[in-house]
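Read through the structure below, which is laid out as structure tokens, and then see the notes.
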Amino acid sequence: MIYTDEDQEMIRYADGVFRSVSYHFSMLLKYGDRLDEIAEQLKGTVRSPAIRDPEEAKYQRGTVIYHCNIAELISEETETATKYRASEAVLYELASFLQSECTPEEIEIVCAYYDERLPLWLIGERVNYSKEAIRKKKNDILLRYAKVAAAIDKPVI
């Protein structure tokens, strides 16, 4: 199938979104841990270790020193929560697309290509298709996702 320039651009966009899943997942974990840490600090239960003399300070270089700047913590919490929700939204949108719009065979192709990073010919051997048939199916899935994402982003007038 020959794709138009607009279709190719949409496929590139969707390919980037699918490739960024592992990044968004790791950021989700990182931001979640940081939000938990900030919540502990705001409760006042976390204290920096006491350093009794300069000789002891030599051995505590890796120790985290907490500051009691509540305004800074609250603003960092707001920024981190925003980033957390953005990563969560990308993952939720992708998961809902895969659940509602794709067949199990298509999900298997997408998972093999993006999660396992298998080449197209190996995926083709797995599901009994040629390399070109797998490429076409993958591009069709990406195009469908891009069209669904574009429909979501457009405001309804």
Side-chain angles (χ1 to χ4, degrees), residues 1-43 45-46 61-67 69 71-157:
M1 178 179 193
I2 298 174
Y3 296 106
T4 64
D5 289 340
E6 183 181 338
D7 287 347
Q8 287 177 349
E9 187 64 34
M10 292 173 86
I11 288 171
R12 276 194 292 276
Y13 162 75
D15 185 57
V17 172
F18 274 82
R19 288 184 189 278
S20 70
V21 167
S22 60
Y23 168 78
H24 284 292
F25 187 72
S26 65
M27 289 295 105
L28 201 65
L29 295 175
K30 176 184 167 188
Y31 295 144
D33 289 345
R34 184 61 187 141
L35 286 172
D36 292 342
E37 195 176 292
I38 290 172
E40 288 294 319
Q41 288 180 29
L42 287 175
K43 282 183 195 174
T45 58
V46 177
R61 289 185 186 198
T63 306
V64 177
I65 305 297
Y66 295 102
H67 301 283
N69 191 348
E72 242 180 60
L73 284 175
I74 290 173
S75 71
E76 184 182 352
E77 182 182 37
T78 305
E79 290 173 20
T80 306
T82 302
K83 292 175 184 176
Y84 181 89
R85 284 191 298 275
S87 287
E88 189 178 45
V90 169
L91 293 175
Y92 178 76
E93 181 182 310
L94 256 174
S96 63
F97 166 76
L98 289 173
Q99 287 175 349
S100 64
E101 301 287 329
C102 294
T103 65
E105 183 183 71
E106 292 173 334
I107 292 173
E108 182 181 350
I109 291 170
V110 168
C111 288
Y113 187 75
Y114 290 105
D115 290 341
E116 299 173 36
R117 305 230 187 261
L118 295 178
L120 294 174
W121 66 268
L122 195 57
I123 299 169
E125 284 182 3
R126 232 188 226 184
V127 293
N128 297 324
Y129 286 112
S130 69
K131 176 182 172 182
E132 288 305 313
I134 294 297
R135 182 187 322 273
K136 183 184 177 320
K137 283 183 178 282
K138 179 186 71 84
N139 285 343
D140 288 343
I141 294 166
L142 294 176
L143 191 58
R144 260 191 296 154
Y145 170 75
K147 288 180 180 178
V148 168
I152 290 172
D153 291 340
K154 289 183 182 175
V156 178
I157 297 175

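- Note that NZ of Lys136 is 11.0 Å distant from OH of Tyr129, once rounded to the nearest 0.5 Å.
- Distance NZ/Lys83 to NZ/Lys30: 7.5 Å, rounded to 0.5 Å.
- Interatomic distance, CG of Asn128 versus CD1 of Ile123, reported as 13.5 Å (0.5 Å rounding).
- Annotation: Asp5, atom CG; neighbour count of heavy atoms from other residues, nucleotides and ligands within 6.0 Å does not exceed 12.
- The pair Arg19-Asp15 meets the salt-bridge criterion, since a charged nitrogen lies less than 4.0 angstrom from a carboxylate oxygen.
- The closest donor-acceptor contact from the side chain of Ser87 to the backbone of Tyr84 lies at 3.5 Å or more, if one exists at all.
- Looking at Lys43 and Glu40, a side-chain N of the basic residue comes within less than 4.0 Å of a carboxylate O on the acidic one, giving a salt bridge.
- Residues Phe18 and Tyr113 keep their aromatic ring centres 6.0 Å or farther apart.
- For the pair Leu73 and Glu77, the minimum side-chain heavy-atom distance is 4.5 Å or more.
- Between Phe97 and Ile141 the shortest side-chain heavy-atom distance falls below 4.5 Å.
- In this structure, Ile11 CD1 and Asn139 CG are separated by 4.0 Å, a value rounded to the nearest 0.5 Å.
- Between Arg144 and Glu106 the shortest heavy-atom distance is NH2-OE2, 2.7 Å.
- The neighbour count for Tyr3 OH, taken as heavy atoms of other residues, nucleotides or ligands under 6.0 Å away, is above 12.
- A side-chain donor-acceptor contact under 3.5 Å links Thr4 to the backbone of Asp7.
- Side-chain atoms of Glu79 and Tyr31 form no donor-acceptor pair, as typed in the model, at a separation below 3.5 Å.
- The pair Arg126-Glu116 counts as a salt bridge, with a side-chain nitrogen and a carboxylate oxygen less than 4.0 angstrom apart.
- With rounding to the nearest 0.5 angstrom, the CZ atom of Arg117 is 12.0 Å from the SG atom of Cys111.
- For Glu6, the CD atom is loosely surrounded, since the number of other residues' heavy atoms within 6.0 Å does not exceed 12.
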Quiz item: Between Glu93 and Tyr145, is a side-chain contact (heavy atoms from CB on, under 4.5 Å) present by the stated rule, with each step listed?
Solution: CA-CA 10 Å; Glu93 181 182 310; Tyr145 170 75; 2.7 Å; yes
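- To the nearest 0.5 Å, atom CG of residue Leu118 and atom CD1 of residue Ile134 are 11.0 Å apart.
- Judged by distance alone, with hydrogens and angles left aside, the side-chain atoms of Arg34 form no donor-acceptor pair with the main-chain N or O of Thr80 at under 3.5 Å.
- A heavy-atom distance below 4.5 Å is not found between the side chains of Leu91 and Glu88.
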